[in-house]
Structures are given as structure tokens and as C-alpha cells.
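What follows is a set of notes on a single structure, which appears directly below.
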There are 2 protein chains.
Amino acid sequence: MLSNVQTSKTIKSTKEKILEAALELISRYGYKGASVRKIAKAVGVRESAIYNHFKNKDEIFQEILKSLFSSDFSDFFEKKPIEENAKKGKKFLMEYAATVKLATFDPKHEKLFKIVLLELMQNKEVREQFLNYFYDNNIKKLSHVLFLMMQEGLIRQSDPMLMAREFFAPLFYLRLEVTLLRVDEKSTVTLSTMFEKHVEFFWESVAVRA
Amino acid sequence: MLSNVQTSKTIKSTKEKILEAALELISRYGYKGASVRKIAKAVGVRESAIYNHFKNKDEIFQEILKSLFSSDFSDFFEKKPIEENAKKGKKFLMEYAATVKLATFDPKHEKLFKIVLLELMQNKEVREQFLNYFYDNNIKKLSHVLFLMMQEGLIRQSDPMLMAREFFAPLFYLRLEVTLLRVDEKSTVTLSTMFEKHVEFFWESVAVRA
DNA sequence: CGGTTGCATGAACAGACGTTAATATAACCG
DNA sequence: CGGTTATATTAACGTCTGTTCATGCAACCG
């Protein structure tokens with residue numbers, strides 16, 4: 001038993017190192033640019049050792065892809081019943097924006113986001129997961145909340161789907177801009193306050209005045 | 001003279017073919033994925049012939065980059081004095097959205113847009129041109145028009161810069177989605193109507209009711 | 001006509017790539 | 001202790017990469 005634990009610990013340790021190094025390098029140089037040799041060097045091992053842990057380079061990438069859309073923020077909507085969220089009105093939208101902001105500046109999520117951008121055009125799987133994720137898990141669920149807010153009389157009547165996109169898109173664009181600036185280590189102070197400003201503006205745009 | 005014209009015609013012809021092929025291949029496979037041999041093959045020539053027209057691969061890419069942000073749509077704001085645009089109110093925003101829509105579906109601009117997305121994370125020059133272009137040439141100028149609209153009493157008072165971003169971001173996100181769907185030759189009919197819907201929604205959000 | 005120039009070819013280079021095979025070195029199990 | 005198993009190394013493979021060079025051909029100029 002002990003031996004088994006230790007063995008699998010050793011495996012996990014190197015395997016994890018490989019995944020970490022791959023995440024780092026792929027998020028910087030893209031899938032093609034992150035060569036097996038570079039990854040091996042970052043781990044501190046020869047390239048052939050990689051193949052004791054992964055069948056090939058693609059398997060490493062697939063492993064990373066799995067963590068792409070199964071991260072902490074995917075279950076944002078599952079924390080509380082959706083009806084409860086709807087009643088909170090603007091406060092809910094603020095929380096949502098705060099979550100996006102958090103992901104934007106969180107190192108792990110930033111890397112994953114970069115990989116998405118890097119491989120979006122090249123990798124069909126990434127593309128489909130991207131569209132699915134952002135559509136189903138964000139816009140669709142957002143539109144549900146907005147629909148309920150309309151029924152509560154909190155916001156004006158409109159197409160919930162359209163409204164969800166209008167709320168989501170500026171957050172996405174903001175995230176993109178911040179990520180780009182951070183690549184060149186430029187300041188993002190101006191942009192970082194815009195997550196909240198966006199919610200304010202949006203709420204002014206849709207709120208039904210009492 | 002005649003000889004000179006013919007010579008430069010021949011040069012231009014092959015050089016143009018190279019640029020066309022490079023644009024096509026780079027927009028599909030990215031800079032790294034579009035090898036000199038692939039480009040040469042697409043032109044119908046051996047790879048060494050490429051070097052009669054370009055110093056190296058990077059020079060080809062630079063040539064394409066030049067056309068990136070100097071395309072027809074850059075001078076959208078220069079067609080008419082900005083004050084005139086402001087007075088048109090919603091109609092101006094419709095025209096702007098129509099221009100983005102046009103660029104989204106135009107093959108040449110679609111390829112350039114793909115290249116931007118592909119190289120955004122890898123190429124500092126693309127990154128800076130992207131931020132400059134979208135910031136200066138779109139958001140900044142949009143905010144100017146919106147500011148004038150506020151003064152005209154057409155739209156409500158707010159931060160023009162913020163408002164410009166709110167108007168621009170959904171168009172950008174829309175363009176991204178459409179481009180992604182078209183890569184896999186999926187239908188974009190639902191999305192293509194959203195350019196106008198966005199303007200409608202935005203106008204409802206900011207217009208001062210008479 | 002003879003020479004220069006423009007543009008193509010074929011062959012080769014050095015390096016990077018993903019991957020594999022033979023081998024070594026431990027640590028574990030019975 | 002002896003054998004198995006996990007993990008590392010070294011070396012090599014075939015292929016692709018960007019680029020160069022010597023060469024050939026054809027069109028132009030004086």
C-alpha cells in the first residue's frame with residue numbers, strides 16, 4: 001500500500017510537472033510552438049521521459065483541454081437556485097461580473113484563456129467547446145436569469161437572449177483587452193474598474209425605474 | 001519602357017500570387033503552420049523562387065500586416081464630418097454596424113481578421129496594432145460621436161468612452177462568433193440579423209425619449 | 001550579336017520537430 | 001535475495017523547417 005502510494009505519488013509528481021510546464025509553454029507559444037523538448041527542459045528531464053507519462057504530445061494537450069471548461073467558474077450558476085439570483089437584480093449581475101474579473105486576473109485561468117485564443121482558429125475541439133461553453137454556460141443561463149428579472153418587473157421587456165449577449169459581450173471584450181495588455185506587462189488599472197462600470201451602465205440601460 | 005512594364009508586371013504577378021497564397025494559408029494555419037514550401041506549392045513554384053521576391057518569410061508576413069489595418073473600413077469616419085454623423089443619431093450607428101457586418105462576411109477582411117486572432121497572442125506587433133486600431137480608430141472616434149449626440153440631446157448623459165465600448169463590444173463578439181462558425185461552415189443566419197438588433201437594443205438603452 | 005538582368009530550378013545545409021528503441025537505475029514485492 | 005515494475009537516459013530515425021547556392025533559361029538593352 002505504502003509503496004503504491006509512493007509510486008503513484010512519484011508518477012503524479014512528474015506528470016503534474018509536465019502538465020504545468022505544458023500549460024505555461026502552450027499558453028505562451030501555442031501548441032506548435034511548445035515543443036516536447038521545451039516542455040521536457042522546463043520539467044528538468046529528457047524529452048523521451050515524457051513518453052513514460054503520455055502517449056504523445058496530443059495527449060498532453062487533451063489533458064489540458066479537459067481542465068479548460070471544467071474550472072471553478074463553470075458552476076457559477078449552480079451555487080444558488082436561478083430564481084433566487086433573478087430576484088437579486090443588479091446585485092446578481094455585479095457578482096457575475098466579479099467572477100469574470102476574477103478569472104481574468106487569476107493566473108491559471110488567464111493561461112487557459114490564452115490557450116483558447118491561441119487555438120481557437122486552429123483546433124476544432126477548442127472552437128466547439130468555446131462556442132458551447134460561452135453559449136450554453138453563460139449566455140443561455142444569463143438569458144434565463146434576465147427573463148425572470150423581466151417577469152419580476154425589475155428590467156424592461158426585451159429578447160432575453162439578445163439582452164444576455166449585450167451583457168456578456170462587453171465583459172468578454174474587457175477580458176480580452178486585459179489579457180492582451182498583461183502579455184506585454186502593460187498597466188490594466190483603467191480597464192480593471194470597467195467591470196463594475198459595465199454593470200452600472202447595463203443596469204441603467206435596462207432597469208425599470210420605480 | 002514596354003520591357004520595363006512587362007518585367008514589373010511579371011514580378012508583380014508572382015509577388016501578388018505569393019501574397020495571396022500566404023494570406024490564405026496563414027489565415028488557415030497561422031504563421032508557423034504556413035510554411036514557405038506550402039506557400040510555394042500554392043503559387044505553383046519551388047520554394048527557392050520565393051526568395052526572389054521576398055528577403056525571407058517574415059517579410060511576406062510584414063507585407064500582409066501592412067494591409068491589416070489600412071483596409072477600406074479604416075476611413076469609415078473620414079467619409080463625412082463627425083458632427084454630421086452625430087446628428088443622424090441611430091441611423092449613424094446602423095451604418096457603423098452595417099460596416100462591421102460587411103467586413104465580417106467579406107472574404108478578404110475575414111482572412112485578415114482570422115490572422116489577427118491567430119497571431120494576437122504571439123506577435124507583439126499584431127497585438128499593438130490591434131489595440132491601437134480598435135481603440136483609436138473605433139472606440140475613441142465612436143466616443144466622440146456619442147459625446148456630440150449627448151450634446152444634441154439625442155442620447156442620455158454618460159461617460160462617452162464607456163458608452164462607446166458598450167456599443168462596440170457586442171459587434172466585436174458577434175464578428176468573432178460568426179467567423180468561428182464559418183470556419184466549420186456552420187450556419188450564421190441567426191447571428192447575421194443580430195448586427196441590426198444590437199443597434200436597436202443599444203438605441204433603446206440610451207435614447208432620450210421625446 | 002553579346003551581355004546583363006529577372007526569375008525559375010534542383011540540390012543541399014543545419015537545425016528543430018515528434019517519436020521510438022535499447023538500455024540503465026532504482027524502488028518495490030514476494 | 002531475485003524479479004518485476006516504474007522511470008529515467010542516450011541515441012537515433014525520418015520528416016519538416018527556413019534559407020542558400022550554383023545553375024539554367026529567357027527576355028531585354030546597347
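In what follows, chains carry the letters A, B, and so on, assigned in the order in which the sequence lines appear, proteins first and then strands, with residues in each chain numbered from 1. For the numbers below, each heavy atom of this structure counts, side chains included, while hydrogens, waters and symmetry mates do not.
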OP1 or OP2 of dA8(D) under 4.0 Å from side-chain N/O of His53(A): yes
Starting at atom NZ of Lys57(A), determine the distance to atom C1' of dC17(C), rounded to an integer number of angstrom. 8 Å
Identify, between Glu47(A) and Arg37(B), the residue whose nearest nucleotide on DNA chain D lies closer to the 5' end. Glu47(A)
Quick one: Phe54(B) CZ to dA8(C) P, roughly how many Å, whole number? 12 Å
For a quick test of reading the model: is some side-chain N or O of Ser35(B) closer than 4.0 Å to OP1 or OP2 of dT17(D)? yes
Close side-chain approach of Ile115(B) to Leu23(B), heavy-atom, < 4.5 Å: yes
Judged by each residue's nearest nucleotide on DNA chain D, which is more toward the 5′ side, Lys32(A) or Arg46(A)? Arg46(A)
Is Ser48(B) near enough to dC21(D) that one of its side-chain N or O atoms lies under 4.0 angstrom from OP1 or OP2? no
May I ask you to check whether Tyr96(B) and Asn85(B) show a side-chain donor-acceptor distance below 3.5 Å? no
Tyr31(A) six-ring face occupied by Lys57(A) cation (under 6.0 Å, within 45°): yes
Specify the separation, in whole Å, of atom CZ of Phe61(B) and atom P of dG18(D). 13 Å
Grab the OH-P distance between Tyr51(A) and dC13(D) for me, whole Å please. 17 Å
Nucleotide dC16(D), atom P - distance to NZ of Lys41(B) in whole Å: 10 Å
Please verify the inter-ring angle class for Phe168(A) with Tyr173(B); under 30° counts as parallel, over 60° as perpendicular, anything in between as tilted. perpendicular
